[in-house]
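Notes follow the structure.
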Amino acid sequence: MDVVVKNSITILSIIAIPLVIALFILWALVKRVHVYEVFVEGAKEGFTTAVRIIPYLVAMLFAIGMFRASGAMDIFVMVLSPLTNLIGMPAEALPMVLMRPLSGSASLGLMSEIMKTHGPDSFIGVLVSTMYGSSETTFYVLAVYFGAVNIRKTRHAVPVGIIADVCGMLGALIICKVLFGIL
Amino acid sequence: MDVVVKNSITILSIIAIPLVIALFILWALVKRVHVYEVFVEGAKEGFTTAVRIIPYLVAMLFAIGMFRASGAMDIFVMVLSPLTNLIGMPAEALPMVLMRPLSGSASLGLMSEIMKTHGPDSFIGVLVSTMYGSSETTFYVLAVYFGAVNIRKTRHAVPVGIIADVCGMLGALIICKVLFGIL
Amino acid sequence: MLNYIWTFLVLVSLVVAIGYDLYDEVFDTYRNGKEFSVTISLTDQSSSGRFRGIAHVTAEYYNAHYGKNVLAHNMDIPIQCTVDSVGNGTFQLFLPEQAPQPWLTMAKYSPVKGSLLGVISRVRFVGTHREAHAVLCFEPTHFVKMRSVTQAAIDFVVTAVEIALGLIGVMALWLGLMKIAEVAGLLTFIAKILKPLTRKLFPDIPSDHPAIAAILMNTAANMLGLSNAATPLGLKAMEELNKLNPQQGIATNAMITFLAINTGGLVLIPATAIAVRAAAGSSNPGIIIGTSIIGALCATIAGVTASKVLQRFSRYNNEITNNEKEK
Amino acid sequence: MLNYIWTFLVLVSLVVAIGYDLYDEVFDTYRNGKEFSVTISLTDQSSSGRFRGIAHVTAEYYNAHYGKNVLAHNMDIPIQCTVDSVGNGTFQLFLPEQAPQPWLTMAKYSPVKGSLLGVISRVRFVGTHREAHAVLCFEPTHFVKMRSVTQAAIDFVVTAVEIALGLIGVMALWLGLMKIAEVAGLLTFIAKILKPLTRKLFPDIPSDHPAIAAILMNTAANMLGLSNAATPLGLKAMEELNKLNPQQGIATNAMITFLAINTGGLVLIPATAIAVRAAAGSSNPGIIIGTSIIGALCATIAGVTASKVLQRFSRYNNEITNNEKEK
């Protein structure tokens, strides 16, 4: 990636928040809004929203925590690896694929471990860090975002999230194979 | 100050709380109040009051935190020091005058630093610790106290606070000059 | 759907944990009740039958005892014993951090964490009391996985609350700032500018609704990797979307499309992954920027497409659209 | 008024931060993209082009490079590099805590905190590979003040919540005790005793109102330096005063007078200041007791006088008094 582009994105991400704050407050000054009073009015929601999330987050992390600790991951890798071998996914990357949507800290640990054993510039190292960098902790996001508005019937949100995760992981695998691997 | 007076004040501040608790409960016993039930009844308010403060405290500390970190203080000292030199205020004490009403921890840090560089028994050391000891974190108090009762229109509270702070700082300067300095 | 996944995660965890534990019981992984012989070099001995020393564990004996080839070198481990005149008593083995398996797990679930406890017997002192031969019998270790699964459940539940309470501050900050922008009319302004872009993605949302601005700001914060701002803005967006929700408690199409964009995880610079790579000594930590963006784009496009396709087959779909049309 | 001060603080902070950062950009404080030559003594070398060593940085070169006289002695800093066959690659410099400025700031905002990262090039090994000459180019450092201001905003917001949640316990304790005193009639009793003293200060409050007792107790706790009790009692006083407030959301005269007394900060023994003086080795730490009291008296008297004078010019004043009179 071009260094100039990378640097300008980095700078943008640094100045984004101060700029947004400045823009909001200057705009409000022009419109003669009582900023402090309005800020306080809006900030009141902070506590109730955070508290509303608690049961959803407890439910989700309870299940994910048990799953992480049970060692069920190893069994899934064992069962699924013959299938994923067919599409050329290295078995070492499979735990990342399975864990990434469930737990950010667990997948970060997996990534660091793979860096240590295989090296960060090995094909598996690049693949796993691409996978980590190109997706979100889907189930955590689902729990928090739906929890904040008390949504219990998620309709097709879970299938959509899983489809997105699978496609993202496949996309990461294919692009890494094309650029760095032997296709 | 007389040591006896100082010691008796110290003792008073130690026994004040136990004495008040004992007085309250004994008086309540005489009046046949159901102390446990009434205590719990009153204590219930503790949580809601504390939570009600949050948005006000967030708003205030957000602005104060940014101000502290921005280094704007140095610029204010630069701009104001010619003015304060006229009334004989040492430039080293100016950051304390400006920071004391905003942030307790920042002004405590300033005081410790001045003690280190100028010595606690120098004129500046005595002046700065007098200034610290003789005033309160006005804006923090305003945010918390008004926040607890949802007051957003503070009317003349801010000017009153600023006038009190300025007079307190001037009083501290004058008394220190009279007692320890060369007026 | 979340019902099934949740049930699946919980039940699979329990079944797998029981499976591992039964395996350990059947194959006696921890050699519960079996005797383990050691030689102890004494370092300190008091009169009351209490002594400290170094227990010498040979790799050969250890591997044979546990039936696994886990220990490469002999080990010297500090031990403390209390024995009576006949040579029976209790011991405490202070395990180092790099101790081999079964012992490491046994120490983790020992009553005194990090130490192995048990009964010592047949203590024989040799060589003017500078050395002793003895037989150790460890406290039995049972159902380790079940215990760790239970512990994880409790730990994660506590973590969940910490995460939520830790959100209060940044939530308040961003909700306060967003309220300023809302009252000042800035959010409506942004929403109107973005109308051509968002009409396709969120046809159900009125074109000047503040939800659009919140969604935009959440997406921008996510792309720039500003997670401190992204979550509060995302929750604000959900709350705005929920104001348009005719059936509280049931997700709307717009919410699911928004979450598809959000969980796609499009980040322009994946800072965490780059930092881990840099710390691991990569010769080019930033090489994954391009590949990550392509991966995330795949996920986002697939997610949005799936949300648009699946909403046609959803059970609640028609009701919501009808209600909205009536308004 | 608070609106203006708040806006002022936020905008001034941002403007100043941008000013400092532009200064850094214009005068190139961090020498972004400039080459820095070092000599490295190798300590450890693996076959894959990875090596560790000690980078020798001379004071003369460092000061010349950054155009400032910041480094007095030469420095030896651990370094880890990954280079290809041509001698190009990346490095990580493990900065010690007492490193000189620009580097210390650069390390603080580096992707791997505490280390400087960057590109190493033109690596030449000399003397049977025990030493290497190379050129370092650090990851660019930009907009440091903006980042620290943003970070401070988030840190303080989190602190605000911690302070508020930390108040719950003492709040509950004192509100419980005050309720006991209230139900037992003690607060009314105290208020009646103090009537001659408080009639002047708080003419709007009925003479037997519990607010008087809460104000008295808050003032006493403040004077004795009992901050754990002072804040809850002060909040209790505010709540009692708010019960007499005809226009919720707007401060009353009594509230402002009370706050003037409170922010005056009259403390009989300023314990924190004395402790700091003692810790700094003062020969007479308590010397400030008298001067502090005089300073605080000036503040209190000025504050109360100002509150009495300014309330006549306040926009909301008449409404409040009229409403109260009607009751």
TODO: Begin with the C-alpha distance, continue with both residues' side-chain angles, and end with the deciding distance and a verdict on side chain to side chain contact (heavy atoms under 4.5 Å, CB included) for A/I151 and C/I250.
DONE: CA-CA 5 Å; A/I151 296 282; C/I250 302 175; 5.6 Å; no
Open item on the list: Is there a side chain to side chain donor-acceptor pair (under 3.5 Å) between C/T291 and A/T130? Walk through the geometry before answering.
Closed with: CA-CA 6 Å; C/T291 52; A/T130 297; 2.9 Å; yes
For [X], is it the side chain, the backbone, both, or neither that has a heavy atom closer than 4.5 Å to a heavy atom of chain C?
X	value
A/A16	side chain
A/L173	neither
A/T10	both
A/L29	neither
A/F24	both
A/R32	neither
A/M169	neither
A/F76	side chain
A/L127	neither
A/V33	side chain
A/Y140	side chain

TODO: Under 4.5 Å, counting heavy-atom pairs only, tell me which of A/V158, A/V141, A/D165, A/D74 racks up the most with chain C.
DONE: A/V158
- [ ] Quick one: which of A/A143, A/G171, A/A72 has the most heavy-atom pairs under 4.5 Å with chain C, could you say?
- [x] A/A72
Task: Separation of C/I163 CD1 from A/I53 CD1 (nearest 0.5 Å) - done: 10.0 Å
Mind checking whether [X] and [Y] have side chains closer than 4.5 Å, heavy atoms only?
X	Y	value
A/L23	C/L186	yes
C/L310	A/I163	yes
A/D121	C/R277	yes
C/I5	A/F139	yes
A/T49	C/L175	yes
A/V20	C/M217	yes
A/V160	C/T263	no

Open item on the list: Using 30° and 60° as the class boundaries, would you call the ring planes of C/F189 and A/W27 parallel, tilted or perpendicular?
Closed with: tilted
Could you tell me which of [options] has the largest number of non-hydrogen atom pairs under 4.5 Å with chain A?
options	value
C/L165, C/L266, C/L2	C/L2
C/G19, C/G166, C/A273	C/A273
C/V10, C/I287, C/I294, C/I180	C/I180
C/L167, C/V267, C/L226	C/L226
C/T272, C/T300, C/T257	C/T272
C/P270, C/S282, C/A152	C/S282

- [ ] Could you verify whether a donor N or O on one side chain and an acceptor N or O on the other, from A/S134 and C/S292, lie under 3.5 Å apart?
- [x] no
- [ ] Salt-bridge test for C/K179 and A/E37: reply yes if a basic N is under 4.0 Å from a carboxylate O, no otherwise.
- [x] no
TODO: Check for a donor-acceptor pair, side chain of A/R152 on one end and backbone N or O of C/G249 on the other, with a separation under 3.5 Å.
DONE: no
TODO: Starting from the C-alpha separation in whole Å, work towards a yes-or-no answer on side chain to side chain contact (heavy atoms under 4.5 Å, CB included) for A/F47 and C/M171.
DONE: CA-CA 8 Å; A/F47 182 78; C/M171 276 302 302; over 6 Å; no
Task: Name of the residue among C/L14, C/V16, C/L9 meeting side-chain contact (heavy atoms from CB on, under 4.5 Å) with A/F67 - done: C/L9
Open item on the list: Between C/L173 and A/F39, is the side chain to side chain contact (heavy atoms under 4.5 Å, CB included) condition met? List the steps.
Closed with: CA-CA 8 Å; C/L173 171 62; A/F39 182 99; 3.9 Å; yes
